[in-house]
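To start, the structure under review is shown below, and the notes come after it.
For the numbers below, each heavy atom of this structure counts, side chains included, while hydrogens, waters and symmetry mates do not.
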Amino acid sequence: MTTDKPVPRTHLGLLASATATYGTGHPDDIALPRLPGFVESAFSPLAYEVAGRCLAEPPGDGGSRTAVALAALLGDTTTADLASSRMVAGRVHNPLLFMQATPNSVLGHLSREFGITGQMFSLSTLDDALTELLAMADLLLEDQELERVLVLGVELGGGERAAAVYRELAVDEPPLAGRPANAGRAAALLLTRPGAGVPVPVRADEMPDSATGPAACPGSIQGLFDLAATHSEARKEARTHAHQ
C-alpha cells in the first residue's frame, strides 16, 4: 500500500502588494490614517492601510477563504512605551494601551471590516520575515478551503527600548535608525496557489537578487518591500505589453 504525499510547492502566486511609510522622511510618506479604537501609535493604522489596499484590489470571494499572518519583531513599541511610562508615573491605566494585544486587535479589526473568517496569526521572528511569512502562506494553502493568504509586516522607529534590544542582538543599524520613535513602515502581499498572479518562490533565498535584498537585521521586513517593488514593476510591464 502506498500513500500519496503532497508535492511541496516551489512557487506561490502574488495577486497584490502594498507598502506604506509614515514619518520616515521618504518622499512617499503618507499622513497617518485614522483608525477608530487605536490611539497614539502608527502600528495598527499602517497595518490596516496596506492590508486594506491588498484586500480591496483583486477579485475573490474574500473573507471565508482568506487567511492572514502579521509579522513584527518588536510589535507595537509606541504603545508599549506609552503604557509603561504612564504606569511608572502613577497615572490611571488606559485600556486602549494594551500593547500585548495590538497585533491581534488590528487583525480583529480587519476581520470585521472585510468579513475575514479564515485563520489569523501574529508572529515575531529573528529570521527573515519574508521567508517566515511565505512558508506560513504555503502551509496554510494546504487547506483546500482557503483561496488566499494575506501576509504583512510592520516596523516602528521604536525609541530607546527598541534600540536596547537591537544592541543586544548586535545590530549596528536598526530599521528606521535616526527616525522618530513613532515613525513606521508596513508592507503586505496577497498570495494564492500557483497559476494566478505573479509567481513567487516559496523560499525567499531562492529569489533572484532583484527580488530581495539582504536582511537589514533579525526579523527585518525589508524583503516584503523588495518583493512588493518587484511585483509593481511586473504589473507595469504587463500593462505596457497589453497596450502595445
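Scored by the side-chain hydrogen bond (donor to acceptor under 3.5 Å, both in side chains) test, Arg34 finds no partners at all (sequence neighbours excluded). Taking Ala163 as the reference, Glu160, Arg167 meet the side chain to side chain contact (heavy atoms under 4.5 Å, CB included) condition, with sequence neighbours excluded. Checked against side chain to side chain contact (heavy atoms under 4.5 Å, CB included), Ser111 has the following partners two or more places apart in sequence or in another chain: Ile116, Met120. When the side-chain hydrogen bond (donor to acceptor under 3.5 Å, both in side chains) test is applied to Thr19, no partner is found at least two apart in sequence or on another chain. The side chain to side chain contact (heavy atoms under 4.5 Å, CB included) test applied to Ala229 returns no partner, not counting sequence neighbours. A search for salt bridge (charged side-chain N to carboxylate O under 4.0 Å, His left out) contacts involving Glu132 returns nothing, not counting sequence neighbours. Remark: Asp29 engages Thr21, Thr24 in a side-chain hydrogen bond (donor to acceptor under 3.5 Å, both in side chains) (not counting sequence neighbours). For Gln119, the side chain to side chain contact (heavy atoms under 4.5 Å, CB included) partners are Ala67, Phe121, Leu140, Asp143, Leu146, not counting sequence neighbours.
With Phe43 as the partner, the side-chain contact (heavy atoms from CB on, under 4.5 Å) test is satisfied by one option alone out of Asp76, Leu35, Leu74: Asp76. In summary, of the residues considered (Val171, Asp128, Asp127), a side-chain contact (heavy atoms from CB on, under 4.5 Å) with Pro218 occurs for Val171 alone.
Nearest approach of Ser220 to Glu155, heavy atoms of both residues: CA-OE2, 3.4 Å. Taking every heavy atom of both residues into account, Phe114 and Gly52 meet most closely at CZ-CA, 3.6 Å. Taking each heavy atom of Ser41 and Asn182 in turn, the nearest pair found is CA-OD1, 3.6 Å. Of all heavy-atom pairs between Thr77 and Ala162, the closest is CG2-CB, 4.3 Å. In terms of heavy atoms, Pro180 sits closest to Gly23 at CD-O, 3.5 Å. Residue Ala129 comes nearest to Ala71 through the heavy atom pair CB-CB, 4.3 Å, listed as atom of the first residue, atom of the second, then distance.
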Does the pair Thr125 and Leu133 meet the rule for a side-chain contact (heavy atoms from CB on, under 4.5 Å), with working shown? CA-CA 10 Å; Thr125 177; Leu133 290 169; over 6 Å; no

Between Leu126 and Leu169, does the side-chain contact (heavy atoms from CB on, under 4.5 Å) criterion hold? Intermediate values first, please. CA-CA 9 Å; Leu126 290 174; Leu169 295 172; 4.0 Å; yes

How far apart are the C-alpha atoms of Leu130 and Ile221, what are their side-chain angles, what is the distance that settles it, and do they pass the side-chain contact (heavy atoms from CB on, under 4.5 Å) test? CA-CA 6 Å; Leu130 176 61; Ile221 67 169; over 6 Å; no

For Ser17 and Leu227, run side-chain contact (heavy atoms from CB on, under 4.5 Å): C-alpha distance rounded to whole Å, both residues' side-chain angles, the deciding distance at 0.1 Å, then the answer. CA-CA 8 Å; Ser17 63; Leu227 189 51; over 6 Å; no

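Atoms CZ and CG, on Arg179 and Leu156 in that order, are 14.5 Å from each other to the nearest 0.5 Å. Within the model, atoms OG1 of Thr230 and CD of Glu233 stand 8.0 Å from one another, a figure rounded to the nearest 0.5 Å. The line from CG of Leu152 to CG of Leu150 is 5.5 Å long, rounded to the nearest 0.5 Å. Between atom SG of residue Cys54 and atom CZ of residue Arg148 there is a gap of 9.5 Å, rounded to the nearest 0.5 Å. Distance NE2/His231 to CG/Leu189: 8.5 Å, rounded to 0.5 Å. To the nearest 0.5 angstrom, Leu12 atom CG is 9.5 Å from Leu14 atom CG.
Side-chain contact between Leu15 and Leu191 is absent, with no heavy-atom pair separated by less than 4.5 Å. Side-chain contact check for Cys217 versus Pro175: some heavy-atom pair is nearer than 4.5 Å. Pro33 is not listed as a side-chain neighbour of Tyr48, based on a closest heavy-atom distance of 4.5 Å or more. You'll find the side chain of Leu70 stays beyond 4.5 Å of the side chain of Leu123, heavy atoms only.
Think of Tyr22 as one node in a network of Ile, Leu, Val, Met, Phe, Trp and Tyr side chains linked at under 4.5 Å; its network also takes in Ile30, Leu32, Leu46.
Remark: side-chain polar atoms of Arg65 are not paired, donor with acceptor, to backbone N or O of Gly118 under 3.5 angstrom.
Using a 3.5 Å distance cut-off with no hydrogens or angles, the side chains of Arg185 and Gln222 do pair a donor with an acceptor.
By the criterion of side-chain heavy atoms lying less than 4.5 angstrom apart, applied directly or through intervening Ile, Leu, Val, Met, Phe, Trp or Tyr residues, Leu176 is not grouped with Phe225; the two fall into different hydrophobic clusters.
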